[in-house]
Amino acid sequence: MTPRRDFDGVLVIGAGLAGLCAALAASPRPVLLLSAAPLGEGCASAWAQGGMAAALAGDDSPALHAADTIDAGAGLCDPAAVAILTDEGPAAVRALAALGAPFDRRADGGFVQSLEAAHSRARVARVGGDGAGRAIMAAVIDAVRAAPHIEVLEGVAVALLQDTAGTVRGALVETDGEPVEITAAAVILATGGLGGLYAVTTNPVGARGEGLALAAAAGARIADAEFVQFHPTAIDIGADPAPLATEALRGEGARLVDTGGAPFMHRYDPAGDLAPRDVVARAIETEQRAGRATFLDARAAVGEAFPSHFPAVFAACAGAGLDPRRQPIPVTPAAHYHMGGIAADAWGRTSLTGLYAAGECAATGVHGANRLASNSLLEAAVFGRRAGEAASRAIAGHAAVLPAAAPPKMAASRLAILRGLMSRHAGVVRDAAGLTELLSWIEGEAGRAGLSAPLAAARLVAEAALDRRESLGGHFRADEPRILAPRARAA
């Protein structure tokens, strides 16, 4: 019999920024924080470069930020959820600063803010140019370690526990290679995204949609799974995962150019290099399919200031033998963010009683079909806190908890095949024939070896992508293309 631990508190699965913020906000309720790796490792939050978007300047407002968010999201955002994100955004940034996050400051104490694509204002609060994620995570990790109500356990959840009434009551967890059933009054999934399902990704390769698969297996509603964002400027040096060239570089004036050094984005969108990510990613994909290599040229815009202004990008380039002060950076689109996920309301509540979701694994409606740059850390902080507060009020049920079984694991060789197929058929550009081929392979693999978590997550993306026949935001169907009109900008 699998050993069981009964815990009369909140089980938080995932230790990126959303999970940490949820754990802190659940105070004084006891929290068991399940992390797949030591805190700060293996999570996409620590890799974020740009920073946190928020209306902190006098010429900005939450309403303008909301308008930009909805515009970038191709009109598919939930306006009420976006209003919460942008209204609570400034307070979220200030709260993280109060915890010790060392945001760049002006001489008068105000936040230094960068301009990024599809923003009508410079509103991205940054740290050291491109070090926001790691610095913010370090401050929040210190707070979590000092919080008496939080216990950290290294391990992974492989199934959700439910009682006879269907309420989520905990998780089957593997820790130190051994299974244990952990019951809890509430479970918050904050497991991140699914970029690791793709051959080229900026995410930790372990981010393979585990939370999505856990929730779906338990019967939770999944929303907008087809919308995967491909960051247009991953550094194309053959690394797995691919290092990122932050969008802030283009905000500083860096240009996307072809092999001959000629800019090309003006041919695809009036906003040029600062067009929304989906537009830029498709433009680069089009250039590459036509046999033209693509580069990000920051020599004039950043030049000798590269090591101090963008140290993370500079280090990644230097590690590959590139000097971005004197050479354009080779770039390519890479799976970066999942806008869809576990359907959740403004307090993280899912369709299953007892189950909450926050961060990238959740679909709250704030991103629509295409996430606005630097809204990801903001969402994690705002909705992570809300999920923690809501889950802290949960009362454990009294129905009998049913046993759960772990899904089969996927062999590394088969996962490599899946990643290649996902990039080929569910990537920047898709069509019905490719998606059908992908789904056929997934079903055959599931029949041969069982439905592993990566297969389950990939199937959700592919099925939704096949079902949505129009092109919208990050989901582009070559066989059902939408003519992209110039996007209206906020005044």
Side-chain angles (χ1 to χ4, degrees), residues 41-44 46-50 117 128-134 193 195-208 228-252 254-265 273 277 280-337 373 412 415-416 419-420 422-424 427-428:
E41 298 180 17
C43 65
W47 295 10
Q49 292 181 352
D130 61 4
R134 190 163 298 281
L197 294 177
Y198 288 83
V200 182
T201 181
T202 62
N203 293 174
V205 292
R208 298 172 183 147
V228 179
Q229 183 175 84
F230 296 85
H231 198 291
T233 55
I235 303 174
D236 192 10
I237 52 175
D240 186 23
L244 182 66
T246 174
E247 201 156 281
L249 284 164
R250 282 178 282 138
E252 291 291 318
R255 305 293 303 277
L256 286 161
V257 300
D258 61 22
T259 308
F264 58 82
M265 272 309 303
D273 294 286
R277 285 179 176 175
V280 181
R282 282 195 298 277
I284 292 175
E285 178 97 349
T286 301
E287 292 289 306
Q288 292 179 349
R289 290 191 179 195
R292 295 185 288 272
T294 51
F295 300 85
L296 183 66
D297 189 348
R299 291 174 295 178
V302 182
E304 296 302 318
F306 228 118
S308 58
H309 285 193
F310 297 97
V313 178
F314 185 79
C317 290
L322 296 170
D323 186 347
R325 296 170 298 185
R326 294 168 179 82
Q327 298 169 271
I329 304 167
V331 292
T332 193
H336 183 63
Y337 193 88
L415 179 62
R419 295 180 72 190
M422 286 291 286
S423 286
R424 190 174 311 128
V428 176

#### Entry: Stepwise side chain to side chain contact (heavy atoms under 4.5 Å, CB included) test for R208 and L415
CA-CA 10 Å; R208 298 172 183 147; L415 179 62; 3.2 Å; yes

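Separation of atoms CG (L256) and CZ (F295) is listed at 11.5 Å; rounding is to 0.5 Å. To the nearest 0.5 Å, atoms CD1 (I237) and CG (L322) are separated by 7.0 Å. Taking CD1 of I329 as the start and CG of L296 as the end, the distance is 5.0 Å to the nearest 0.5 Å.
Contact annotation: the side chain of V428 never approaches that of R289 to less than 4.5 Å [non-hydrogen atoms, C-beta and beyond]. Side chains of R255 and M265 form no contact here, defined as non-hydrogen atoms less than 4.5 Å apart. Residues V313 and L249 meet the side-chain proximity criterion, which asks for heavy atoms closer than 4.5 Å. With a 4.5 Å cut-off on side-chain heavy atoms, C317 and F306 do not count as touching.
Exactly one residue among P263, P324, P328 makes a side chain to side chain contact (heavy atoms under 4.5 Å, CB included) with D297. That residue is P328.
P232 approaches V280 most closely through the heavy-atom pair CB-CG1, 3.4 Å. Listed here is the closest heavy atom pair of D240 and A199: OD1-O, 4.2 Å. Shortest non-hydrogen contact noted between P333 and F230 is CB-CB, 4.4 Å. Annotation for A234 and T202: closest pair CB-CG2, 4.0 Å, computed over non-hydrogen atoms. Nearest approach of Q49 to L244, heavy atoms of both residues: NE2-O, 2.8 Å. What you find for T246 and F310 is that their closest heavy atoms are CG2-CD2, 3.8 Å.
Residue pairs satisfying the salt bridge (Lys or Arg N to Asp or Glu O under 4.0 Å) criterion with at least one member in residues 307-320, sequence neighbours excluded, are absent. The list of side-chain hydrogen bond (donor to acceptor under 3.5 Å, both in side chains) pairs with a residue in residues 313-325, not counting sequence neighbours, reads D323-R325, D323-R326.
Under the 3.5 Å distance criterion, the side-chain polar atoms of T294 are matched with a main-chain donor or acceptor of V331. With S423 contributing its side chain and G420 its backbone, the two residues share no donor-acceptor pair below 3.5 Å. Formation of a donor-acceptor pair under 3.5 Å by the E252 side chain with backbone atoms of A301 is not found in this model. Between the side chain of N203 and the main chain of G196, no donor-acceptor pair closer than 3.5 Å is present. Checked by atom type and distance alone, the side chain of Q229 never pairs as donor or acceptor with a backbone atom of R277 at under 3.5 Å. Within the 3.5 Å criterion, the main-chain N or O of A245 finds a donor-acceptor partner in the side chain of T233. Here the side chain of D273 pairs no donor or acceptor atom with the backbone of R250 at under 3.5 angstrom.
The environment of CZ in R134 is sparse: at most 12 heavy-atom neighbours from other residues, nucleotides or ligands sit within 6.0 Å.
By the salt bridge (Lys or Arg N to Asp or Glu O under 4.0 Å) test, D236 is found to be paired with no residue, residues two or more places apart in sequence or in another chain being considered.
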